[in-house]
**Q** 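Have a look at this one before I ask anything.
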Amino acid sequence: MHANDTNNGQTRAAVETAVTIKLGLDAHADQITTCRQFDGRLPQPAQKLSEERLLKLVSEHRTQGHQVYCCYEAGPCGYWLHRELEALGAVNYVVAPQRWDERGRRMKTDQLDARALCQRLDRYVRGNTDAFTVVRVPTPEQERWRALCRQRATLVKERQRCELRGHGMMLAQHCRGGPGWWEAARWQELAPQLPDWLCADLERWQQQAVQLQTQIDALTPRIAAHSAGQSAPKGLGALTKALLDAEILDWGRFTNRRQPGSYGGLCPSEDSSGLRRRQGSISKHGNPQVRHLLVEAVWRMIEYQPDYPPIQRVRVAKGTRARKRATVAAARRLLVDLWRLNTGRQTAQQLKLVMIQL
C-alpha cells in the first residue's frame with residue numbers, strides 16, 4: 001500500500017473517531033469541579049481537578065482531534081481561565097450566574113452545579129440559546145480599565161459608609177453633624193461642640209473618610225480624561241461618560257432597543273397570565289453600575305436638558321412616587337438613546353438632546 005494511502009486512512013480514522021466533548025466547570029480558587037460529556041451521552045460523574053490538570057486534560061482532547069466546549073459562571077476568578085481554554089483551541093463560554101436547581105430540590109453542591117452547567121452547555125451547543133446567558137468577555141485592556149473605574153466606585157461607597165457611621169454615633173448622643181461633617185473645615189468647627197470621648201471615636205471615621213476622599217480625588221481626573229475630546233449630552237459629564245463606556249465596553253453589542261434597557265435592569269417586572277397583565281417595579285436584572293449612573297445623570301439633566309421628552313415627563317410628574325417612576329423611565333430611555341447615538345442610528349437633533357464637547 002502506498003504511504004499516502006496509509007496517511008489518508010489514518011486521517012479518516014482520526015476524523016471518524018473524533019467526538020464532541022462538553023465540560024461543565026464550577027470554578028473556585030483552589031480547584032475546578034469538572035463534569036464531562038461525550039457527544040450526546042449522559043454526563044460522567046463530576047470530579048475535582050486542579051487548574052493544571054484541567055488544562056492538561058483539554059490539551060489532550062484537542063491533540064486527539066476532539067472538539068471541546070466548556071463553560072463556567074462569571075465570578076471572582078475573572079476571565080484568565082477563559083483565555084487559557086481559548087488558547088488551547090477549546091470553545092469556552094462565561095455564563096451569567098443563576099440557580100441551576102431546575103426541580104427545586106434545594107440541593108446545591110459543586111458537583112451538582114458542574115453537572116447542571118454541562119447539561120445546559122449541551123443544549124446551548126445544539127442550538128438552544130436560552131439554555132444560559134453568555135457574558136461578554138472584555139479584552140485584558142478593557143478589564144484593567146473597568147477595574148480602575150470600579151475601584152473608584154468602591155472607594156466612594158467606603159467613604160459614604162464612614163460618613164454614615166459617624167452620623168449614627170452623633171445621632172445616638174442627640175448631636176447632628178450635617179452633610180460633609182468629616183471634611184477638614186467642617187470638622188474643626190464641629191469637634192469642640194462634642195464630648196471628648198465622642199470626638200475621639202468620631203476622629204477615626206473622619207480620618208478614614210478624608211483618606212478615602214483623597215484617593216477618590218486622585219482617580220477622578222484620570223478616569224475623566226478618557227472622555228476628553230468626545231461629545232456627550234449636556235448633564236452627563238466626562239466622568240459619567242467614561243464610567244458608562246467602561247461598563248458597556250462596546251455599544252455595538254446591542255442589536256435592538258430592548259437590549260440596552262434590559263442590560264441596565266431598567267425594564268419593568270411582569271406577572272401576567274391569561275387576560276390579566278400586571279407590571280411592577282423594574283427588574284434590576286442587569287448591570288447595577290449602569291443603572292445608578294443613568295439615574296444620577298437624569299437628575300442632573302432636569303436642569304440641562306429641558307426639551308428632552310423624558311425629562312419633560314419628569315418635570316410634570318406630581319408626587320414623590322410618580323416622580324421617581326418618571327425618573328427611572330427617563331433613565332431607561334436615555335440608555336436607549338445613548339445606544340442610538342453611539343451606533344449612528346439617530347442624531348442628537350432627532351433625539352432633542354443638547355450635546356457638549358468634553
Side-chain angles (χ1 to χ4, degrees), residues 78-79 135-160 212-255 257 259-266 286-311 314 327-358:
Y79 303 104
V135 174
R136 184 181 182 87
V137 178
T139 65
E141 293 76 16
Q142 290 174 334
E143 187 176 10
R144 286 193 290 269
W145 172 248
R146 188 169 65 181
L148 180 67
C149 294
R150 289 183 177 180
Q151 183 183 28
R152 182 188 178 278
T154 301
L155 291 173
V156 171
K157 187 177 294 185
E158 290 300 321
R159 195 261 298 156
Q160 291 173 344
L212 290 168
Q213 187 60 46
T214 302
Q215 298 177 33
I216 294 169
D217 293 340
L219 282 178
T220 298
R222 180 180 171 186
I223 296 174
H226 181 75
S227 302
Q230 302 180 28
S231 60
K234 190 175 182 180
L236 206 61
L239 178 63
T240 302
K241 187 179 188 310
L243 295 174
L244 273 176
D245 289 341
E247 294 297 331
I248 300 295
L249 297 178
D250 178 17
W251 289 95
R253 64 192 295 185
F254 306 121
T255 58
R257 62 183 178 83
Q259 292 179 357
S262 178
Y263 181 77
L266 293 164
N287 190 315
Q289 286 85 4
V290 170
R291 184 166 61 252
H292 297 161
L293 289 169
L294 289 169
V295 171
E296 290 177 356
V298 167
W299 287 113
R300 293 194 299 270
M301 291 172 68
I302 292 176
E303 178 180 356
Y304 297 113
Q305 300 281 357
D307 296 328
Y308 187 44
I311 296 299
V314 176
T327 301
V328 172
R332 179 173 62 249
R333 171 66 181 278
L334 176 61
L335 180 56
V336 175
D337 287 346
L338 288 174
W339 165 70
R340 289 167 173 159
L341 280 174
N342 285 277
T343 55
R345 283 173 168 80
Q346 285 185 283
T347 64
Q349 291 76 14
Q350 291 173 325
L351 298 172
K352 297 183 179 180
L353 281 170
V354 178
M355 305 293 288
I356 58 171
Q357 198 74 13
L358 300 176

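Predicted, not measured: the structure shown is a model, and the values here were computed from it. Numbers for residues simply follow the sequence, beginning at 1.
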**Q** Hey, does the side chain of Gln357 reach the backbone of Gly229 with a donor-acceptor pair shorter than 3.5 angstrom?
**A** yes

**Q** Which heavy-atom pair separates Thr255 from Trp339 by the least distance, and what is that distance?
**A** C-CZ2, 4.0 Å

**Q** Evaluate side-chain contact (heavy atoms from CB on, under 4.5 Å) for Thr343 paired with Phe254, printing each intermediate quantity in order.
**A** CA-CA 9 Å; Thr343 55; Phe254 306 121; over 6 Å; no

**Q** Under the side-chain hydrogen bond (donor to acceptor under 3.5 Å, both in side chains) test, which residues partner Gln151, sequence neighbours left out?
**A** none

**Q** Could you tell me whether the side chain of Arg146 reaches within less than 4.5 Å of the side chain of Leu249, counting heavy atoms only?
**A** yes

**Q** Measuring only between side-chain heavy atoms, which start at C-beta, is Val156 closer than 4.5 Å to Gln160?
**A** yes

**Q** Hey, could you give me the CD1/CE distance between Ile311 and Met301, rounded to the nearest 0.5 Å?
**A** 5.0 Å

**Q** Please, which pairs that meet salt bridge (charged side-chain N to carboxylate O under 4.0 Å, His left out) have at least one residue in residues 336-358, sequence neighbours excluded?
**A** Arg333-Asp337, Asp337-Arg340

**Q** Taking the side chain as every heavy atom from C-beta outward, state whether Pro260 and Leu338 have any atom pair closer than 4.5 Å.
**A** no

**Q** Identify the heavy atoms of Val314 and Ile302 that sit nearest to each other, and give their distance.
**A** CG1-CD1, 3.7 Å

**Q** Any sub-3.5 Å donor-acceptor pair from Arg257's side-chain atoms to Val336's backbone N or O?
**A** no

**Q** With sequence neighbours left out, which residue pairs that include part of residues 218-228 fulfil the side-chain hydrogen bond (donor to acceptor under 3.5 Å, both in side chains) condition?
**A** Arg152-Thr220

**Q** Just jot down the side chain to side chain contact (heavy atoms under 4.5 Å, CB included) partners of Ser262, sequence neighbours excluded, or say none.
**A** Cys267

**Q** Could you list the residues that satisfy salt bridge (Lys or Arg N to Asp or Glu O under 4.0 Å) with Glu296, not counting sequence neighbours?
**A** none

**Q** Return the set of residues passing side chain to side chain contact (heavy atoms under 4.5 Å, CB included) with Pro140 (not counting sequence neighbours), or none when no residue passes.
**A** Arg83, Arg144

**Q** Is the number of heavy atoms from other residues, nucleotides or ligands within 6.0 Å of OH (Tyr304) greater than 12?
**A** no

**Q** State, to 0.1 Å, how close Ala246 and Cys149 come at their nearest heavy-atom pair, and which atoms those are.
**A** CB-SG, 3.6 Å

**Q** According to salt bridge (Lys or Arg N to Asp or Glu O under 4.0 Å), who are the partners of Arg253, at least two apart in sequence or on a separate chain?
**A** none

**Q** Can you list the residues that meet the side-chain hydrogen bond (donor to acceptor under 3.5 Å, both in side chains) rule with Gln289, with sequence neighbours excluded?
**A** none

**Q** Output all residues satisfying side chain to side chain contact (heavy atoms under 4.5 Å, CB included) with Pro306, sequence neighbours left out; order by chain, then residue number.
**A** Arg315

**Q** Do any pairs count as a side-chain hydrogen bond (donor to acceptor under 3.5 Å, both in side chains) and have a residue in residues 229-244, sequence neighbours left out, and if so which ones?
**A** Gln230-Lys241, Thr240-Arg300, Lys241-Asp245

**Q** In chain order, what residues pass the side chain to side chain contact (heavy atoms under 4.5 Å, CB included) check against Val290, with sequence neighbours excluded?
**A** Leu244, Glu247, Ile248, Tyr263, Asn287, Leu294, Leu335

**Q** So do Met355 and Thr347 actually touch side chain to side chain, heavy atoms under 4.5 Å?
**A** no

**Q** Please walk me through it: do Thr327 and Trp299 pass side-chain contact (heavy atoms from CB on, under 4.5 Å)?
**A** CA-CA 8 Å; Thr327 301; Trp299 287 113; 3.5 Å; yes

**Q** How close do Arg332 and Gly261 get, heavy atom to heavy atom, and via which atoms?
**A** CG-CA, 4.3 Å

**Q** Return the NE2 to CG distance between His292 and Leu243, rounded to the nearest 0.5 Å.
**A** 13.0 Å

**Q** Write down the atom of Gly237, the atom of Leu358, and the distance for their closest heavy-atom approach.
**A** C-CD2, 4.2 Å

**Q** Could you tell me which residues satisfy side-chain hydrogen bond (donor to acceptor under 3.5 Å, both in side chains) with Asp217, sequence neighbours excluded, listed by chain and number?
**A** Gln213

